[in-house]
Amino acid sequence: MAHIAFAVVGVAGLYLLWLFDGWTKLEVNLNGASTNNPFWMLCAAMLGFASSLMLCIAIDCRLLQFLGRASLTIMCVHEPVKRVLIFVMAKILGMNTDALRANLVYAMLVTVVTVAICVAVHLIMDRFAPVLIGSSRHNLASQSKARA
């Protein structure tokens, strides 16, 4: 029952954010690190954060939890993996890379394969170099062995 309440609050918050955007005409330029109203930007950011948090609490999914733990590895590895994958797929399919990127089906395929490769990299790092990804499970095991 609590998950439903969190979901309702989260969706309502996102709806308010949508209304807020139309009401304030807030302009945000992340590339130029500028906004037309810093106060409204802060309000919108807090509302978006709180709404997202409520939805994350409501959606109790092991797959999403795992992807959250692997997100730093995915962030660090995805760009070179994606670029190589797009290049290889374009060569195999005999397409231009721009045409491949513009095709929704191929773009989704690139996304899924890229995430799968990044997750595999995360699992390999977790097995062989856990300190690089800050895996506390392995850190606790090595600390208990050192004490014994």
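On a predicted model such as this, the values are computed, not experimentally measured, just so you know.
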Check whether any side-chain heavy atom of [X] lies under 4.5 Å from a side-chain heavy atom of [Y], and answer yes or no.
X    : Y    : answer
L100 : L93  : yes
N29  : T35  : no
Y106 : R101 : no

Nearest 0.5 angstrom please: [X] [atom1] to [Y] [atom2], how far?
X    : Y    : atom1 : atom2 : value
R69  : D126 : CZ    : CG    : 9.5 Å
I133 : I124 : CD1   : CD1   : 11.0 Å
M54  : I57  : CE    : CD1   : 4.5 Å
L72  : L132 : CG    : CG    : 11.0 Å
D60  : Q65  : CG    : CD    : 5.0 Å
S34  : M41  : OG    : CE    : 10.5 Å

Is there a chain of hydrophobic side chains (I, L, V, M, F, W, Y, each step under 4.5 Å between heavy atoms) that links [X] to [Y]?
X    : Y   : result
F66  : I74 : yes
V119 : L63 : yes
L85  : V77 : yes

Identify each donor-acceptor pair in which a side-chain atom of residues 5-28 lies under 3.5 Å from a protein atom, sequence neighbours left out, and give them as a table.
residue : atom : partner : partner atom : Å
T24     : OG1  : F20     : O            : 2.9
T24     : OG1  : L26     : N            : 3.4
K25     : NZ   : G22     : O            : 3.1

Under 3.5 Å, side-chain donor or acceptor atoms of residues 109-117 against the rest of the protein: list the pairs with distances, not counting sequence neighbours.
residue : atom : partner : partner atom : Å
T111    : OG1  : A107    : O            : 2.9
T114    : OG1  : V110    : O            : 2.6

Return yes if some donor-acceptor pair links the side-chain N/O of H122 with the main-chain N/O of C118 below 3.5 Å, else return no.
->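 Flag not set: sc H122 to bb C118 has no pair under 3.5 Å.
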Residues V105 and N103: closest non-hydrogen pair is N-OD1, 2.9 Å
Audit row: L47, C43, side-chain contact (heavy atoms from CB on, under 4.5 Å) steps and yes/no = CA-CA 6 Å; L47 180 58; C43 293; over 6 Å; no
